[in-house]
Every structure is written in structure tokens, then in C-alpha cells.
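Notes follow the structure.
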Amino acid sequence: MWMVLGVLAIGATLFNLYTFSIGKDYKLPMALALSLTALTVCADYSYLSVWVEAEDWSALADVIPGMGRAWWVLTSISILLNMLPIFLERMRKQA
């Protein structure tokens, strides 16, 4: 499930940037993209909790260190890309 939500979050982010680039209202796609990003992280956390319940410590030890860093990086990129239209719009208004 987290993979599907992740792909949808990427698609919504691209749609957000496209919507801004053609001059349409981008706020709904931005909210959708950020929401899908949050749901992706929640779904992955739920997936990992199954391993905890199964006491599969070796799987957790293999996955958690890299996955934690990856989620921080990917979530940060998602936030920056989805907020980019706001910053660009402000720069246009100031110029």
C-alpha cells in the first residue's frame, strides 16, 4: 500500500507543479500531494509494525536504518517541491 500511495504522491506533486506552471490554482493539488506523502509514511510505519508484532528483528535491523533516512529525504523533497509554487508566486508579486 505504501508503494501505491508513494507513486500517487509523486504524481500529485508533478500535477501540482504542472498546474502552477500553466497558471491555474495549485492549492488543491498541493494539499493532495502533501496528504498523500503523509499517508505514505503512515502506511510504511504500519507495514513495519507488522514485523515488530512478528518479532522479525533481523528484517527490522536490515530495513529501518536505510528506510528512516530515505523517508526523511523523500518527505523533505516532497514538502519543498509542493511549496515551491508558493515561493515562486511571492517572488512574482514582489517583482
Side-chain angles (χ1 to χ4, degrees):
M1 179 57 97
W2 67 267
M3 187 77 95
V4 172
L5 290 170
V7 169
L8 290 173
I10 291 168
T13 299
L14 293 174
F15 184 67
N16 173 26
L17 295 172
Y18 170 74
T19 304
F20 174 75
S21 71
I22 61 171
K24 299 214 177 196
D25 188 22
Y26 58 87
K27 291 175 183 82
L28 182 60
M30 178 180 64
L32 181 64
L34 290 172
S35 298
L36 285 167
T37 300
L39 289 172
T40 302
V41 174
C42 290
D44 186 57
Y45 184 82
S46 295
Y47 181 69
L48 294 176
S49 70
V50 172
W51 289 353
V52 170
E53 290 172 4
E55 297 182 4
D56 192 353
W57 309 122
S58 62
L60 288 167
D62 287 343
V63 171
I64 295 293
M67 191 66 107
R69 282 187 295 274
W71 283 126
W72 275 104
V73 169
L74 294 172
T75 302
S76 299
I77 291 170
S78 176
I79 291 168
L80 291 173
L81 286 176
N82 282 294
M83 300 280 296
L84 184 63
I86 293 173
F87 297 127
L88 293 174
E89 187 175 60
R90 286 187 180 191
M91 288 173 55
R92 281 186 193 167
K93 287 181 181 179
Q94 289 177 353

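When reading the values below, keep in mind they use all heavy atoms of this one structure, side chains included, and skip hydrogens, waters and symmetry mates. For reference, positions follow the sequence shown, starting with 1.
- One finds the CG atom of Leu28 at 9.5 Å from the OG atom of Ser35 (value rounded to the nearest 0.5 Å).
- When all heavy atoms of Leu17 and Leu81 are compared, the pair lying nearest together is CD2-O, 3.4 Å.
- Just one of Thr13, Leu36, Val41, Val73 meets the side chain to side chain contact (heavy atoms under 4.5 Å, CB included) condition when paired with Ser78; it is Thr13.
- Hydrophobic clustering (ILVMFWY, side-chain heavy atoms < 4.5 Å, transitive): Leu84 and Phe20 are in one cluster.
- Residues Trp51 and Tyr45 fall into different hydrophobic clusters, defined by Ile, Leu, Val, Met, Phe, Trp and Tyr side chains chained together at heavy-atom separations under 4.5 Å.
- For the atom pair Met3 CE and Thr40 OG1, the distance stands at 11.0 Å (nearest 0.5 Å).
- Between Ile10 atom CD1 and Leu5 atom CG the span is 11.5 Å, to the nearest 0.5 Å.
- Between Val52 and Leu48 the shortest side-chain heavy-atom distance does not fall below 4.5 Å.
- The side-chain hydrogen bond (donor to acceptor under 3.5 Å, both in side chains) pairs that include a residue from residues 19-34 are Tyr26-Glu89, where partners are two or more places apart or lie in different chains.
- In this structure, CG in Leu80 is found 11.0 Å from OG1 in Thr75, a value given to the nearest 0.5 Å.
- Note: the hydrophobic cluster containing Leu39 also contains Leu32 (ILVMFWY, side chain heavy atoms under 4.5 Å, direct or indirect links).
- Cluster membership check: Ile77 does not share its hydrophobic cluster with Trp72, using side-chain heavy-atom separations under 4.5 Å among Ile, Leu, Val, Met, Phe, Trp and Tyr.
- Note on Ile86 and Ile79: same hydrophobic cluster, where clusters join Ile, Leu, Val, Met, Phe, Trp and Tyr whose side-chain heavy atoms are under 4.5 Å apart, directly or indirectly.
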N/O donor-acceptor pairs under 3.5 Å from side chains in residues 54-68, not counting sequence neighbours:
from  : atom 1 : to    : atom 2 : distance (Å)
Asp56 : OD1    : Ser58 : OG     : 3.4
Asp56 : OD1    : Ala59 : N      : 3.4

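- Annotation for Met30 and Asn82: closest pair SD-O, 3.1 Å, computed over non-hydrogen atoms.
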